[in-house]
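Below: the structure, in structure tokens.
Convention: sequence-line order gives letters A, B, ...; per-chain numbering from 1.
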2 protein chains.
Amino acid sequence: MTKAPSPTRIQKKNRAAILEAALEVFSTHGFRGTTVDQIATEAGLSKPNLLYYFPSKEAIFNELMSGLLDTWLDPLRSLDPDGDPLQEILSYVERKLQMSRDFPRESRLYANEIVQGAPRMLDTISNDLKSLVEEKSALLDSWMAAGKINRTHPKHLLFSIWSLTQHYADFDVQVRTLMGDEDPFDAAPDYLETLYRRMLTPRN
Amino acid sequence: MTKAPSPTRIQKKNRAAILEAALEVFSTHGFRGTTVDQIATEAGLSKPNLLYYFPSKEAIFNELMSGLLDTWLDPLRSLDPDGDPLQEILSYVERKLQMSRDFPRESRLYANEIVQGAPRMLDTISNDLKSLVEEKSALLDSWMAAGKINRTHPKHLLFSIWSLTQHYADFDVQVRTLMGDEDPFDAAPDYLETLYRRMLTPRN
DNA sequence: CGTGAGTTTTACCAGTTGGTCAAATCAATG
DNA sequence: CATTGATTTGACCAACTGGTAAAACTCACG
């Protein structure tokens, strides 16, 4: 189905450079706000040369997106049904926060797409993400039923984790402007751990 | 300094229609992703006709933004130093959440701008918003010092409120897709109230 | 009902953008 | 070192975009 010919050394290098450049540009200007020329320049290629490696701007975007999503959902996937509930959740929050710090561009790329109505991603969300969320919501539910963590709405719990952690990447400019010299990521882990600990630790 | 001539009936109607249309289009496509023609069509005007009322695309955007920001910051401004701390914060959260429900386009317009690095808004953020945040952080701090609410990082507290509430507007597509029939705004107020109550109620 | 300001349209332009194509260049293999 | 396939370039195009100019139309008011 897909082409068989093994990629040459140059192909590998240039495709990687293009995707890296595309991540940089797409994440700060969105799909429509990005020009092929910008990506090409950032990747150190000419526009026709770039289009020799990818058939279109949209193709670059799609490849970037599908590649991203796997990594992106990984922390949620590894929420372990057999682990200690509170610890599992706290670890998930921590991992998500680390991703916001270490891969803010990926977060912003995703945010850009969703804020604008996810025109190129609704399918993925409705399928892959949705089924994963259903599965993990059920897990959270079972933990609540067993009294391991406080009862709340499991989906809203997930949303809150996403929004709180990704905020530091997506609204980075605002956060840093308002915090001045202080690095947001100094206090954030502690803040979020406290928040979820107080919220989820079972009361007696 | 500014022009004095009072706006005619037609001017009033058309300028309002343009701003309404611009909000709709800008909030779903961002500045660069929006064309003047789109706004004009949405407003029921021709492009040159629209440009008779506003000198440029940027001018429309700026007017929209500055108009929005006042309303946007209003809930934070009205955080009352003399009110009951916990209640004040819970009311603030509730108001912000209502704004996400009732004015999601405004929230997305703002989100679009910040995610992309706030190229047209950094000044406002560094000035108006920053000083307001300093003031209210100090207020939160004093409440914590007085033992009225649990001690946490006041700025991170504010960030968390913004991110949790605006998430329902900014990521609306995702939230609704994942929740299916259930209206997100049914359970959200309760979820957030519980969260902040548990987080902030002083321990003894 | 005429007149002038206010409003709208038609035609247009210059710059940008995504993408194509054929020619030129490069690299590896025999 | 010759040849062939991979890579790169320069020239180009059609569609789109923000914005302009001037003519045409509409409307309130005297």
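- Between B:R32 and the phosphate of D:dC16, there is no side-chain N or O to OP1/OP2 separation shorter than 4.0 Å.
- Between the CD atom of B:Q11 and the P atom of C:dA5 there is a distance of 15 Å, rounded to whole Å.
- The pair B:R77-B:E135 does not count as a salt bridge, with every side-chain nitrogen at least 4.0 angstrom from each carboxylate oxygen.
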Verdict with reasoning, B:S160 to A:Y191, per side-chain hydrogen bond (donor to acceptor under 3.5 Å, both in side chains): CA-CA 10 Å; B:S160 74; A:Y191 177 80; 2.8 Å; yes

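- For the residue pair A:R95/A:S78, the side-chain donor-acceptor check at 3.5 Å is satisfied.
- In this structure, CG of B:L50 is placed 13 Å from P of D:dT20, rounded to the nearest angstrom.
- Between D:dT8 and A:S46, no contact under 4.0 Å exists linking OP1 or OP2 to a side-chain N or O.
- In this structure, A:I18 places its CD1 atom 11 Å from P of D:dT7, rounding to the nearest Å.
- In this structure, the helix from C:dC1-D:dG30 to C:dG30-D:dC1 shows an angle of 0° between the axis at its start and the axis at its end, each fitted on 5 base pairs and rounded to 10°.
- A donor-acceptor distance shorter than 3.5 angstrom exists from the side chain of B:T28 to the backbone of B:E24, with no hydrogens or angles considered.
- Between A:N14 and D:dA6 there is no side-chain N or O to OP1 or OP2 distance below 4.0 Å.
- Shown here for A:F185 and A:L97, the closest heavy-atom pair between the two residues is CE2-O, 3.8 Å.
- Under the 3.5 Å distance criterion, with hydrogens and angles disregarded, a donor-acceptor pair is assigned to the side chains of B:E182 and A:H153.
- A salt bridge links A:D141 to A:R151: at least one charged side-chain nitrogen sits closer than 4.0 Å to a carboxylate oxygen.
- No donor-acceptor pair closer than 3.5 Å links the side chain of B:S107 to the backbone N or O of B:S100.
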Nucleotides 20-30 of chain C: protein proximity per nucleotide (B base, S sugar-phosphate only, - neither; heavy atom, under 4.0 Å): BB------S--

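- The separation between A:K13 atom NZ and D:dT8 atom C1' is 12 Å, rounded to whole Å.
- Taking atom OH of residue B:Y52 and atom C1' of nucleotide D:dA24, one finds them 14 Å apart after rounding to whole Å.
- The distance from atom CG of A:L45 to atom C1' of D:dT8 is 9 Å, rounded to the nearest whole Å.
- B:D37 places its CG atom 16 Å from the P atom of C:dA11, with the value rounded to the nearest Å.
- Rounded to whole angstrom, the span from the CG atom of A:N49 across to the P atom of C:dG19 amounts to 16 Å.
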Chi angles and distances behind the side-chain contact (heavy atoms from CB on, under 4.5 Å) call for B:L86, B:K148: CA-CA 8 Å; B:L86 185 59; B:K148 304 285 191 183; over 6 Å; no

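- For B:Y53 and C:dG6, the shortest distance from a side-chain N or O to OP1 or OP2 is not below 4.0 Å.
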